[in-house]
There are 2 protein chains.
Amino acid sequence: MMATMRDVARHAGVAPSTVSYMLSGDKPVAAATRERIEQAMDALGYRPNAIARSLASRRTRILALHLPEFDVSAGETVFEIVRGAYDRAAERGYLLTVWPIAAERAPQELSELVGRGHADAVLLVEVELDDPRVDSLHASGIPFLSVGRTRENAQLHFVDIDFEATIDQALEALTTTGHRDVMLLGRSRAMETAGYGPAVRSHEDFARLAVRRGLGHREHALDPTPQAGRDLARTVFAGADRPGADGTGGRPDAVVAMNDLAVVGFVNELQVMGFELPRDLSILSVVSNRRTASLTAPSLTAWQAPGEEMGRRAVDALLDQLADPHAPPTQVLVACTRYDGDSLGDRRAAA
Amino acid sequence: MMATMRDVARHAGVAPSTVSYMLSGDKPVAAATRERIEQAMDALGYRPNAIARSLASRRTRILALHLPEFDVSAGETVFEIVRGAYDRAAERGYLLTVWPIAAERAPQELSELVGRGHADAVLLVEVELDDPRVDSLHASGIPFLSVGRTRENAQLHFVDIDFEATIDQALEALTTTGHRDVMLLGRSRAMETAGYGPAVRSHEDFARLAVRRGLGHREHALDPTPQAGRDLARTVFAGADRPGADGTGGRPDAVVAMNDLAVVGFVNELQVMGFELPRDLSILSVVSNRRTASLTAPSLTAWQAPGEEMGRRAVDALLDQLADPHAPPTQVLVACTRYDGDSLGDRRAAA
DNA sequence: CTGTTAGCGCTTTCAA
DNA sequence: TTGAAAGCGCTAACAG
């Protein structure tokens, strides 16, 4: 009942291989022939069969994407990565499918599924410093690329956020608006130990970049919960009328947050305590997303993770790898993009 | 280099078909034969090829799942649905893949991909009252099941939340703790018009169920934003020392929220206004999720959407449909499960 | 530029 | 309970 390529060939009076050549574009086909084939195709309502194609060509033209749980902020950014990857894959003739495998089973099951021929390569999202998925895929000799990077990454194909550049942009925004003393509201040490990369790198980068700009700085590592943010607000600003107002550098006049969940609680608690933002304290959220940024009032000025671009570039790099398995690893860093909210004040004295 | 079924057969001294029978379990295989085949398999490191199997059997044993954007609360619940569906599918010998197609292109592209043989059936998630994906799949004669239901659903295979039962459970919890006047913080009319089912049904159900329990009631339809929640707090409770304290029924003493984003802003604003929860107002969040419930302090007592169960039951129903395409539609309703936070007060007078 | 010819690795009658 | 044979619908040399 479904028309096959053979039917089309017969109807057009050509060989099946000619139809195949036309569809794949692998070989040139005369305009007249192409015309007849096209007519035959829609006369018969022909739809190419992806399975048969995969079997004959020994590749599926399917890319599998895997992400662990959503529990760490993630949400919007991950979704953008996925969408960007899907679209780019489609443009390049591939189907990107997401495999919702539970984290514990992923290392084994990814290799298993690719081994059974369900996909040609794997895109790993939310990769941790020591990610078992990476080891497993590497051991199986399966082509893959990770969004995020492991600790050891000399041989890793990856696309990641340029944390350093993003933090520096936030500090520059603070410097040019006259801020003098900045606090990092970062990720907890527990997460670093657990292997969440950004938590490690951000503290080092932040301190170094603040010093270079001559800013007072301090770092706090918080669990990714609103309550942790509330607690910090109480701890650091208890008894202060206006956090940044003492002028002596005793208290920060700005916060750079890299912890979406905590910053929401932090802001809410400051407001309950009677502070007004950004008059009393400027708050910038980095590696964030629009949704979190709009959860508070005033909304947060934020640097959003470039999800879509990372997804697109990941697919390109992965397909390059498929085309030339022995090329040196592709490693791409992408900076976040600024999104203006109302949480950045101007502390410059009127001239 | 990869061992094929033929290699295994040769190695075990049997016919390829025998190996196939053993793997599929379609026909009985003698214990002795089975033994020899198993040995051959792991001697050769055999892995069955899913593509070849699909081509020969004319079915992929793949289920495709599609969800539109994440913008409406969703998040955690959707993820649970997907995970539940994946696990159940695996148990039943199927691979569930998620196709991250943009909402606009989904109706067309889903049919296209299934038409090309990429999957046997489709699971639709976050289905709206008038969902073009449903029409398209129906027109293409593709087997599918929706999580959520359309307006016209007599012929639809679906699994959905039992909103009515959930709302009633929330009202019961309020009744037994002595509340007298309940406000619904629902979804906006705009969403109803746009076809988001729960928004429509919840208002009707809420009013009717409140009346039946002899509770004072009122409904507010809010956009799914924290700001909408803040505005409502100001509007309804301006000038009140304690929202539920006037006792005369002039103000509600409890809120049932079915709008995760708005309820966060609502609670925060009440706190900024100086109210204390749940002393001044009880708040229950229904069809919610743990993450939202823990975004505020006190955390919210909530009824969580039964994501995993819906996913599992959706797969079962879909595979039933595949087995018997002419059976009457399966329609399943699942109630939410309660999760205790600290936002429910007790208003009963001490006896 | 087009046709011929073998498969890709498995399933599935049909016989034995 | 097992085997032989004929494909599933397409691709990819190789020839012409």
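Computed from heavy atoms alone, side chains included, the values below leave out hydrogens, waters and symmetry copies. All of these numbers come straight from a predicted model, not from anything done at the bench.
Nucleic acid contact class of A:S57 (heavy atoms, under 4.0 Å, all strands): sugar-phosphate only. At the heavy-atom level, A:V19 lies nowhere under 4.0 Å from the strands shown. Looking at heavy-atom distances under 4.0 Å, B:S17 makes contact with a base. Backbone-only engagement by B:V29 is indicated by non-hydrogen atom pairs under 4.0 Å involving sugar-phosphate atoms exclusively.
Taking the charged nitrogens against the carboxylate oxygens, B:D7 and B:R10 do have a contact shorter than 4.0 Å, which makes a salt bridge. Between B:D120 and B:R61, no side-chain nitrogen of the basic residue sits less than 4.0 Å from a carboxylate oxygen of the acidic one, so the salt-bridge criterion is not met. Residues B:E128 and B:R133 are not paired through a salt bridge, judged by the lack of any N-O separation under 4.0 Å between the basic side chain and the carboxylate.
Distance from the side chain of B:R53 is smallest to C:dT11 among D:dT1, C:dG3, C:dT11. Side-chain proximity of A:T18 to the nucleotides D:dT2, C:dT2, D:dA12 is greatest for C:dT2.
In this structure, the CE atom of B:M2 is 10 Å from the P atom of C:dG9, given to the nearest Å. Between the P atom of C:dG9 and the CZ atom of B:R6 lies a distance of 10 Å, rounded to the nearest Å. With rounding to whole Å, A:L44 atom CG is found 15 Å from D:dG9 atom C1'. If you take CE of A:M5 and P of C:dG3, they are 14 Å apart, rounded to a whole angstrom. For A:I51 and D:dC10, the CD1 to C1' distance is 11 Å, given to the nearest whole Å. Taking atom CZ of residue A:R59 and atom P of nucleotide C:dG9, one finds them 16 Å apart after rounding to whole Å. Taking atom CG of residue B:L23 and atom P of nucleotide C:dG9, one finds them 15 Å apart after rounding to whole Å. Counting to the nearest Å, the C1' atom of C:dT12 and the OH atom of B:Y21 are 6 Å from each other.
The base of D:dG9 does not come close enough to the side chain of A:Y46 for any donor and acceptor atom to sit less than 3.5 Å apart.
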Test salt bridge (Lys or Arg N to Asp or Glu O under 4.0 Å) on B:E91 and B:R312 and set out the steps. CA-CA 10 Å; B:E91 288 169 17; B:R312 300 182 70 86; 3.0 Å; yes

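Comparing B:A56 and B:A32 along DNA chain D, the residue whose closest nucleotide (by nearest heavy atom) sits nearer the 5' end is B:A32. Each of A:D26 and B:R58 lies near DNA chain D, and the nucleotide nearest B:R58 is the one positioned closer to the 5' end.
For A:S20, no side-chain nitrogen or oxygen approaches OP1 or OP2 of D:dC10 to under 4.0 Å.
With 3.5 Å as the limit, one finds no donor-acceptor pair spanning the side chains of A:T60 and A:S54.
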